[in-house]
J.: 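Here it is: the structure, laid out below.
In listed order, ligands and their atoms are each counted from 1.
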Amino acid sequence: MPALSLDKIATNQLRGVGPQLAKRLQKLGLRNLQDLLFHLPLRYVDRTQITPISSLQPLTEVVLEGQIKTSEVVFGRRRSLLCKLQDNSGTAVLRFFHFSRAQQERLKPGVRLRCFGEVRRGRFGLELYHPEYQHIDGNNAASLEKTLTPIYPTTEGITQVRIRDLCTQALEHLNRHGISELLPEQLKQQIGGALSYSLIDALQLIHSPPPGTELHRLARGEHPAQQRLAAEELIAHNLSLLKLRQKVQRQQAPILVENKAALNSLLEQLPFELTAAQQRVAADIQADISKNIPMLRLIQGDVGSGKTVIAAMAALQAIANGKQAALMAPTEILAEQHRMNFEQWFQPMDIRIAWLTGKVKGKAREMQLETIANGSAQMVIGTHALFQESVQFKDLGLSIIDEQHRFGVHQRLALRNKGFGCDDSQKDATAPHQLIMTATPIPRTLAMSAYADLDCSVIDQLPPGRTPVKTAVLSNLRRNDIIQRVRASCADGRQAYWVCTLIEESDVLEAQAAEVTANELQLMLPELSIGLVHGRIKPREKLAVMDAFKSAEINLLVATTVIEVGVDVPNASLMIIENAERLGLSQLHQLRGRVGRGAIQSHCVLLYSHPISANGSARLKIMRETTDGFAIAEKDLELRGPGELLGTRQTGDMQLQIADLQRDAQLLPQIKQAAESLLNHHPNNVSALIDRWLGSSEQYAQA
Ligand code: ADP
Ligand code: MG
């Protein structure tokens, strides 16, 4: 049979699919049979066998069969119909909150039922709420399902039954026409493991697992069939990033020859020597930018490892070569800090700096845009406002993104594609070199996958003379003791942070909580000058408070997690974090990094609300035991998964259907190898694979 490509058969070719359903399917991204086959079940239920009532387990979904013994309406908080169902092993209760008179009539003692539902622990033993049920008599013992029943992700107007039917039809086509194995045989053998399963068998099993397939393995995504697909999916993601890399690197970048004189005049100003790690990373960058291929490099460096000066060194090389450099930070506060540093370093060298954030408006904005466009600004610093189309550079040689994890893949791409002159329509345009800096250490395996398009350098050393922060974990019942500690510390001329956190993702509530705390602390510590920053304070005011804290006019800064990144006040040596158990380890690590920036011993107090869960307590214990950002990130990955670590935006972008970066971490090295091999030896399979797994999702379509 000629291979009829399943992605060429539209869903409307299937039985029962009219224009309306086809439209709904499109909402789920399902346009053709291949899409359907790669629309994977969320979970499965077992309707292939009848479970004896005596072996019911709470929170499992089961098929039961038995006879109704009693049937009565009970009036509790809610009226409900209770039927006791008995088989030859025991009794269970069926409970209906909504029922009609006719239904009640039919559910009378003596009737035999087969039902399906979730078992819960109820007041009368094990109960099934609103089970699906079916009357049975001698003649109609309906047959059980032949396979485990998949439950699919779906949308309004498409029932499980419907989507199951469509997937079954797609499977029939699959068996008739086959599907192209996009992973070459040789590669599969070479990599072995997960890839040895055939794609057809894997799809077959996943859409219709035979009875006896281990549900618990399926539930954990550990079945070899799932692993086969997970591996392919990860390869596809990796490829999409590698393609992006290729695309960028096909463009010309300006060769930035090292200008030693300029570099020396920067380094001579610094009150310190670069650490060995900083020197190594600076050399990596210099090697990259001396080539005419765009640099794509990620610098990972723990909080306080000294990334800013590395950025300045790179920017300086662009400027010394007559190009512009841009630095983008995720928040106003951070951008402002960079501006202050760069002004201090660059103004003596007569380098002109432009400043652009969302808050720069009207005439001022026009002026900044003008200097950026005519090239009189050599260094441009700002927030994501730099993304906007109205921002045109005269001749951008280097773009630097600070704290990249906050931006996510999408925005990274926007920076590449928009406004930064590396758009395909301008064929001869040169592309800038790109430097991305992150303070969230990312475990190597994860970085390999999430940043396959970037080269990585790590600043794995802190500047000398820092004293590691001592961390204590205390119940909030000891809050008053802590307040006294703040008093003592400030009386000694030190400064402190008090960080308020909330579970709700609400700016307003968080701001309120911080205000309440600031007022309360002021009452208890009348001799201190207390400042307040949170997300709802105007940027200008926020900067004023930060400045006052920097110059030690403010002793105690009450803040929400807005101070998470980048704030640099070496005299602050005490940090209190309330409800620390609510935050991720990496976030706590970032916060804690605000202290311990000078030679004095710093302390961090993690307050938790009493009582604390075992997991919460285990996590805070890790914070007490180590200050190594990478070790903390590894633990965070273990305890919370990659979503939390990379930020929701980022994993939202990754949209993995079946793979799980944490569970499948052991696959990642092979995945990387496979992706590279495909790109080099089987380029024709690459776009088909990307299309199969990532569809035409916009960002990758640009690849
Ligand atoms: P981060 O990597 O968190 O962005 P910064 O660049 O803000 O760190 O640096 C933190 C502090 O350390 C700054 O005050 C900076 O001037 C200082 N610093 C950077 N490099 C060194 C070094 N090699 N020796 C001493 N201090 C340094
Ligand atoms: Mg920084």
Side-chain angles (χ1 to χ4, degrees), residues 263-264 266-285 297-316 326-346 381-383 400-407 435-442 456-469 495 497 546-547 549-552 561-573 575 586-600 602 627-630 632-633:
L263 195 59
N264 285 337
L266 171 64
L267 294 180
E268 275 160 17
Q269 291 183 45
L270 300 177
F272 51 75
E273 301 275 314
L274 296 183
T275 61
Q278 282 171 316
Q279 286 175 19
R280 182 168 39 71
V281 171
D284 287 347
I285 295 171
R297 187 167 289 279
L298 174 71
I299 306 296
Q300 292 190 57
D302 211 340
V303 206
S305 61
K307 294 182 290 296
T308 318
V309 66
I310 299 293
M313 288 166 68
L316 186 59
L327 169 59
M328 180 174 62
T331 66
E332 292 262 332
I333 290 190
L334 271 181
E336 177 66 27
Q337 277 202 356
H338 282 317
R339 173 159 82 145
M340 290 188 320
N341 277 321
F342 277 67
E343 275 176 356
Q344 186 195 335
W345 291 330
F346 281 1
I381 298 177
T383 55
I400 306 169
I401 309 183
D402 192 16
E403 310 292 356
Q404 107 89 21
H405 71 289
R406 296 212 150 193
F407 285 108
L435 186 62
I436 292 157
M437 307 194 293
T438 173
T440 304
I442 301 153
C456 278
S457 300
V458 181
I459 310 184
D460 51 6
Q461 179 183 23
L462 290 181
R466 305 249 171 105
T467 325
V469 180
Q495 290 165 276
Y497 295 97
M546 293 309 300
D547 281 346
F549 190 58
K550 262 200 151 164
S551 59
T561 51
V562 297
I563 57 149
E564 183 187 336
V565 278
V567 174
D568 191 24
V569 180
N571 188 48
S573 65
M575 167 163 287
S586 295
Q587 206 179 357
L588 286 172
H589 178 65
Q590 295 284 323
L591 283 168
R592 183 170 61 182
R594 300 305 116 217
V595 291
R597 302 202 143 216
I600 23 159
S602 291
T627 52
D628 173 347
F630 273 91
I632 289 171

J.: Among Leu270, Leu316, Leu267, whose side chain to side chain contact (heavy atoms under 4.5 Å, CB included) with Trp345 holds?
T.: Leu270
J.: Mark up the atoms of ligand 1 that fall under 4.0 Å of a heavy atom belonging to Leu274, in ascending order.
T.: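 Matching atoms, with element in brackets: 23 (N).
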J.: If the cut-off is 4.0 Å to any non-hydrogen atom of Glu273, which atoms of ligand 1 fall inside it?
T.: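 Per the distance check, 22 (C), 23 (N), 24 (N).
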J.: Return yes if some donor-acceptor pair links the side-chain N/O of Lys307 with the main-chain N/O of Met437 below 3.5 Å, else return no.
T.: no
J.: List every atom of ligand 1 that sits less than 4.0 Å from any heavy atom of Arg597, numbering the atoms from 1 in the order shown and giving each element.
T.: 3 (O), 10 (C)
J.: Please list, chain by chain and in numerical order, all residues satisfying side chain to side chain donor-acceptor pair (under 3.5 Å) with Thr275, sequence neighbours excluded.
T.: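 By the side chain to side chain donor-acceptor pair (under 3.5 Å) rule, Thr275 matches Gln278.
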J.: Do any nitrogen or oxygen atoms of Gly304 lie less than 3.5 angstrom from nitrogen or oxygen atoms of ligand 1?
T.: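 Yes, Gly304 has an N/O under 3.5 Å of an N/O on ligand 1.
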J.: Using atom types as modelled and distance alone, determine if a side-chain donor or acceptor of Gln495 lies under 3.5 Å from a backbone N or O of Phe549.
T.: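 It does hold such a pair.
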J.: By number and element, which atoms of ligand 1 are closer than 4.0 Å to a non-hydrogen atom of Ser305?
T.: 2 (O), 8 (O)
J.: For ligand 1, which atoms, with element, lie under 4.0 Å from some heavy atom of Thr275?
T.: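 Here the atoms of ligand 1 in question are 23 (N).
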J.: Test your reading of the structure: does Gly301 have an N or O sitting under 3.5 Å from an N or O of ligand 1?
T.: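 No; every N/O pair is 3.5 Å or more apart.
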J.: Going by the order shown, which atoms of ligand 1 are within less than 4.0 Å of some heavy atom of Thr308?
T.: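 Listed by number with element: 4 (O), 5 (P), 6 (O), 7 (O).
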J.: Once rounded to the nearest 0.5 Å, what's the spacing between atom CZ of Arg339 and atom CG of Leu327?
T.: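 Answer rounded to 0.5 Å: 12.5 Å.
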J.: Just by distance, do the side chain of Asp302 and the backbone of Gly629 share a donor-acceptor pair under 3.5 Å?
T.: yes
